[in-house]
Undergrad: 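Structure provided below as structure tokens; questions to follow.
Sequence lines set the chain letters: A, B, ... in the order given, protein chains first and strands last, and positions in each chain run from 1.
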There are 2 protein chains.
Amino acid sequence: MGLDLEAVTGVLASKGLKITHQRIVVYQALLAAKNHPTAEQIYDSIKSQNPSISLATVYKTLETLAENLLIHKVSTPQGTMRYDARIDNHNHIYISNTNEILDYEDEELSKILLNYLKKKNFDNLSITDFKVQIKGEKINPDKGISIT
Amino acid sequence: MGLDLEAVTGVLASKGLKITHQRIVVYQALLAAKNHPTAEQIYDSIKSQNPSISLATVYKTLETLAENLLIHKVSTPQGTMRYDARIDNHNHIYISNTNEILDYEDEELSKILLNYLKKKNFDNLSITDFKVQIKGEKINPDKGISIT
DNA sequence: TATCAATTAATAATTATTATTATTTGGGAT
DNA sequence: ATCCCAAATAATAATAATTATTAATTGATA
């Protein structure tokens, strides 16, 4: 994770977006974040270095990036929106007792689902995205989750 | 869908909840609803017959019902909360161009996922729920979706 | 039927997000 | 390099969704 300035400007340019300091900073902050942050968390993370960037601009910038498919919006069981710089197809694990959202990616799972959905024929529906939402809680909130 | 008064009072009692007119009305309204309504939509649907029930009470009642696992809260890509009286395990299809949320249930899919998750061993995670979120749009917004 | 904790109505407050508007700016044209 | 202007931003107000407060009411137990 984390793209350098050149890479970020290149990505913005590839979408025809103007290269602005605000967009670079917000995008880099999200790329660097590990935790599917809220708009406010991104705002907090950048404001010491960029005190003139307003929260509304952070929202607007995230919206612009999402519209251009550079990032994803992630809705949560709490209803507040969080953001994700990962745009490859992956799933999320919602941890209720720590409020974390973890990425979960497994090629096997993706294949299984894709196969399943291909087999089914949804009439009058064009599927744009699908993912598995796993909800759970950490047994020990201070430790990570591993798959064995 | 739709439980009679006796059934609803029985369900509330089984959870140790006081039987109140408000709870009966809100619960029945949700049971009768087809569209994963918002709190406000439920409020609107009951207020002509029950003008004294306030929106805050609708929210509180829904929260109580959800805490007692009689209903589910459904978060949406828009961030607003919607409610679902179906509590059996099922999946949702989010239709972006009509803002509908459709239930999608398929035994085969449930089996596939359950098998998959059982095979995987998530360390330090207790899974409480999992579902597939399908996003898409209707080709013809005025027609339904069928599976062939 | 009296009691009292739980519930509700009415409303205020809060939180998350979006809109408004005046000002500024990136980047193409000159 | 400078001019120009649509697009972007800062500052702030407004809105939408939800939650909190508090006084009054009520369900259900004794």
Undergrad: Of all heavy-atom pairs between Leu125(B) and Ile139(A), which one has the smallest distance, and what is that distance?
TA: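 Smallest heavy-atom distance, with atoms named: N-CG1, 4.0 Å.
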Undergrad: Compare all side-chain heavy atoms of Val8(B) with those of Leu31(B) and state whether any distance is below 4.5 angstrom.
TA: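 Yes. Closest side-chain heavy atoms under 4.5 Å.
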Undergrad: Between C1' on dT26(D) and CG on Leu12(B), what's the gap in Å once rounded to a whole number?
TA: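 Rounded to whole Å, this separation is 16 Å.
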Undergrad: Any carboxylate oxygen within less than 4.0 angstrom of a Lys/Arg side-chain nitrogen, looking at Arg86(B) and Asp88(B)?
TA: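 Looking at Arg86(B) and Asp88(B), the cut-off is met.
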Undergrad: Partners of Lys143(A) by side-chain contact (heavy atoms from CB on, under 4.5 Å), sequence neighbours excluded?
TA: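 Expected list: Asn140(A), Asn124(B).
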Undergrad: By a strict heavy-atom criterion of less than 4.0 Å, which residues belonging to residues 47-62 of chain B are in contact with DNA chain C?
TA: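 Of all residues in residues 47-62 of chain B, the ones placing a heavy atom under 4.0 Å from DNA chain C are Ser52(B), Ile53(B), Ser54(B), Ala56(B), Thr57(B).
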Undergrad: Parallel, tilted or perpendicular: which describes the rings of His36(A) and His92(A), with under 30° parallel and over 60° perpendicular?
TA: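 Because their plane-to-plane angle is over 60°, the rings of His36(A) and His92(A) count as perpendicular.
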Undergrad: Using a 4.0 Å cut-off on heavy atoms, which residues in residues 17-25 of chain B reach DNA chain C? List them by number, or say none.
TA: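 Lys18(B), Thr20(B), Gln22(B), Arg23(B) - these, ordered by number, are the residues of the stretch whose heavy atoms sit under 4.0 Å from the strand.
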Undergrad: dT9(D) P sits how many Å from Glu63(A) CD, rounded?
TA: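 Spelled out: CD on Glu63(A) to P on dT9(D) is 14 Å.
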Undergrad: Considering only heavy atoms from C-beta outward, does the side chain of Leu109(A) approach that of Asn91(A) to under 4.5 Å?
TA: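 Counting from C-beta outward, Leu109(A) and Asn91(A) do come under 4.5 Å.
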Undergrad: Hydrophobic clusters join Ile, Leu, Val, Met, Phe, Trp and Tyr when side-chain heavy atoms are under 4.5 Å apart, directly or via other members; which others share one with Ile87(A)?
TA: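 Ile87(A) shares its hydrophobic cluster with no other residue.
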Undergrad: First contact, last contact: which nucleotides of DNA chain C are these for chain A, 5' to 3', heavy-atom distance under 4.0 Å?
TA: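 The footprint of chain A covers dA16(C) to dG27(C).
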Undergrad: Taking the side chain as every heavy atom from C-beta outward, state whether Thr9(B) and Val11(B) have any atom pair closer than 4.5 Å.
TA: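 No, side chains not in contact.
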Undergrad: Which residue pairs pass the salt bridge (Lys or Arg N to Asp or Glu O under 4.0 Å) test when at least one of the two sits in residues 59-82 of chain A, sequence neighbours left out?
TA: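 Residue pairs passing salt bridge (Lys or Arg N to Asp or Glu O under 4.0 Å), neighbours aside: Glu63(A)-Lys73(A).
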Undergrad: Which atom pairs, one a donor and one an acceptor, fall under 3.5 Å between side chains of residues 47-58 of chain A and the rest of the protein, sequence neighbours left out?
TA:
residue	atom	partner	partner atom	Å
Lys47(A)	NZ	Asp44(A)	OD1	3.2
Asn50(A)	OD1	His21(A)	NE2	2.7
Asn50(A)	ND2	Ile46(A)	O	3.1
Ser54(A)	OG	Thr57(A)	N	3.3
Ser54(A)	OG	Thr57(A)	OG1	3.1

Undergrad: Note down the inter-axis angle between the two ends of the helix from dT1(C)-dA30(D) to dT30(C)-dA1(D), five pairs each, to the nearest 10°.
TA: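 Computed from the C1' atoms at both ends, the axes differ by 30°.
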Undergrad: Name all residues meeting the ring-ring contact (aromatic ring centres under 6.0 Å, His included) criterion together with Tyr43(A); count only those two or more places apart in sequence or in a different chain, and write none if there are none.
TA: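 So Tyr43(A) forms no ring-ring contact (aromatic ring centres under 6.0 Å, His included) with any residue.
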Undergrad: Strictly below 4.0 Å, N to O, side chains only: are Lys119(B) and Glu108(A) in salt-bridge contact?
TA: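 Looking at Lys119(B) and Glu108(A), the cut-off is met.
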Undergrad: Quick one: list whatever passes ring-ring contact (aromatic ring centres under 6.0 Å, His included) with Tyr104(B), sequence neighbours left out.
TA: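 Residues passing ring-ring contact (aromatic ring centres under 6.0 Å, His included) with Tyr104(B): Phe122(A).
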Undergrad: Could you list the cluster mates of Val74(A)? Members are the ILVMFWY residues connected by side-chain heavy atoms closer than 4.5 Å, either directly or through other members.
TA: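 Val74(A) clusters with Tyr94(A), Ile101(A).
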Undergrad: Among Val132(A), Leu113(A), Asp106(A), find the one that has a side-chain contact (heavy atoms from CB on, under 4.5 Å) with Tyr116(B).
TA: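 Running side-chain contact (heavy atoms from CB on, under 4.5 Å) over Val132(A), Leu113(A), Asp106(A) with Tyr116(B) returns exactly one hit, Asp106(A).
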Undergrad: Quick one, which residues of residues 73-82 of chain A touch DNA chain C with a heavy atom under 4.0 Å?
TA: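 Contacting residues: Thr80(A), Met81(A).
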